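Just so it is clear, the model here is predicted, and its values are computed rather than measured. We count residues from 1, following the sequence as given.
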Amino acid sequence: LEGGFPEPLFPETFAGHQSNLQNCSAEDNTALISVASKTESMFHSYQLNLDKGEILPWGQSPYGHLVACATSDYQAAIKIDFYSGGDEVMYLQHAGNDERELLFGKPMEAREPGEKVELNSINDPYFTPDDEGVVLTSSLFEDTYSLGYLSLDKPGHISPVTTTGT
């Protein structure tokens, strides 16, 4: 490494935004970022190919659209919208598709005015090695947080994961 002064990545695309690196792979020079606009209430997510200088949009939402994790081949990602502390909604999104599949939670647009929902505090999701489920932490089973598992073929249901030993 020779070092040098850091330079903005894709400055014309991300001017007026705050970017957060969510996931990256040094092996294939791929990164997933979440970007918050500084001028409007809108969040965007992107996949970056750093070798080719390519940007692949992964959608937008006024509620976060956080890229929480991705499959090892970057063909799918878990997205999280957040409304307030502990009030999260989790989605599955496939690369090249703007539609998100609801996995857990109640989206804001599906709520009645003033409706209260159970807080879930979904955090730190990771795809299982077979990419058929997601392991995560949440406050669904314990207010001190615990592990949970969501099978992608059973949206809306998170099972507790128990551990033994130290």
Any donor-acceptor pair under 3.5 Å linking the side chain of Asn120 with the backbone of Glu88?
yes
Test item: side-chain donor near acceptor, His65 and Gln60, under 3.5 Å:
no
So does Lys106 get a backbone contact from the side chain of Arg111, meaning a donor-acceptor N/O pair under 3.5 Å?
yes
In the structure I gave you, are the side-chain heavy atoms of Phe127 and Val135 within less than 4.5 Å of one another anywhere?
no
Between the main-chain N or O of Trp58 and the side-chain N or O of Ser45, is there a donor-acceptor pair closer than 3.5 Å?
yes
Between His157 and Ser159: side-chain donor-acceptor atoms closer than 3.5 Å:
yes
Okay, side chain of Ser37, backbone of Glu40: is any donor-acceptor separation there less than 3.5 Å?
yes
Shortest non-hydrogen contact between Leu102 and Pro155, atoms and distance
O-CB, 3.6 Å
Proximity of Tyr63 and Phe43 rings by center, below 6.0 Å:
no
Kindly give the heavy-atom pair with the smallest separation between Pro125 and Ile78, and that separation in Å.
CG-CG2, 4.0 Å
Measure the shortest side-chain to side-chain distance between Leu136 and Asn123 over non-hydrogen atoms and say whether it is less than 4.5 angstrom.
no
May I ask you to test the Ile122-Ile80 pair for a side-chain heavy-atom distance under 4.5 Å?
yes
Any donor-acceptor N or O pair under 3.5 Å, side chains Tyr74, Asn23
yes
Looking at Thr128 and Val134, would you say the former's side chain and the latter's main chain have a donor-acceptor pair under 3.5 Å?
no
Shared hydrophobic cluster, Phe141 / Met90 (ILVMFWY, side-chain heavy atoms < 4.5 Å):
yes
Restricting to non-hydrogen atoms, name the atom on Ala70 and the atom on Leu32 that form the minimum distance, rounded to 0.1 Å.
CB-CD1, 3.3 Å
I'd like to know if the side chain of Thr137 and the backbone of Ser146 have a donor-acceptor N/O pair within less than 3.5 Å.
no
Inspect the surroundings of CD in Glu109 and state if more than 12 heavy atoms from other residues, nucleotides or ligands are less than 6.0 Å away.
yes
Say whether, by atom type as modelled, one donor and one acceptor occur between the side chain of Thr71 and the main chain of Ala76 under 3.5 angstrom.
yes
Assess the residue pair His17 and His44 against the criterion (side-chain contact (heavy atoms from CB on, under 4.5 Å)); give the C-alpha distance rounded to whole Å, side-chain angles, the decisive distance to 0.1 Å, and a yes or no.
CA-CA 10 Å; His17 294 81; His44 308 266; 4.2 Å; yes
Less than 6.0 Å separating the ring centroids of Phe14 and Tyr46?
yes
Can you spot which of Lys79, Glu99, Glu101 makes a side chain to side chain contact (heavy atoms under 4.5 Å, CB included) with Gln93?
Lys79
Do Ile55 and Val35 share a hydrophobic cluster (ILVMFWY, side-chain heavy atoms under 4.5 Å, transitive)?
yes
Does a side-chain heavy-atom distance below 4.5 Å link Gln22 with Ile33?
no
Using the rule given for side-chain contact (heavy atoms from CB on, under 4.5 Å), can you reason through Phe82 versus Asp87, listing the C-alpha separation, both sets of side-chain angles and the distance that settles it, and then say yes or no?
CA-CA 6 Å; Phe82 45 89; Asp87 186 1; over 6 Å; no
Kindly work out whether a path of hydrophobic side-chain contacts (I/L/V/M/F/W/Y, heavy atoms less than 4.5 Å apart) joins Tyr145 to Tyr149.
no
Evaluate whether atom CD of Glu112 has more than 12 neighbouring non-hydrogen atoms of other residues, nucleotides or ligands under 6.0 angstrom away.
no
Just wondering, more than 12 heavy atoms not from Phe10 lying within 6.0 Å of its CZ?
yes
Let's go through Leu140 and Phe104 carefully: what are the C-alpha distance in whole Å and the side-chain angles of both, what is the deciding distance for side-chain contact (heavy atoms from CB on, under 4.5 Å) to 0.1 Å, and is it a yes or a no?
CA-CA 12 Å; Leu140 289 169; Phe104 196 86; 3.8 Å; yes
First locate atom CG of Leu119, then atom OG of Ser138, and finally report the distance between them rounded to the nearest 0.5 Å.
11.0 Å
Any link between Leu50 and Leu21 through a network of hydrophobic side chains (Ile, Leu, Val, Met, Phe, Trp, Tyr) touching at under 4.5 Å?
yes
Is Leu92 reachable from Leu150 through a run of I, L, V, M, F, W or Y residues, each pair having side-chain heavy atoms under 4.5 Å apart?
yes
Full working for side-chain contact (heavy atoms from CB on, under 4.5 Å) between Thr30 and Leu48
CA-CA 6 Å; Thr30 300; Leu48 308 177; over 6 Å; no
Smallest separation among heavy atoms of Ser121 and Ser139, with atom names:
OG-OG, 3.0 Å
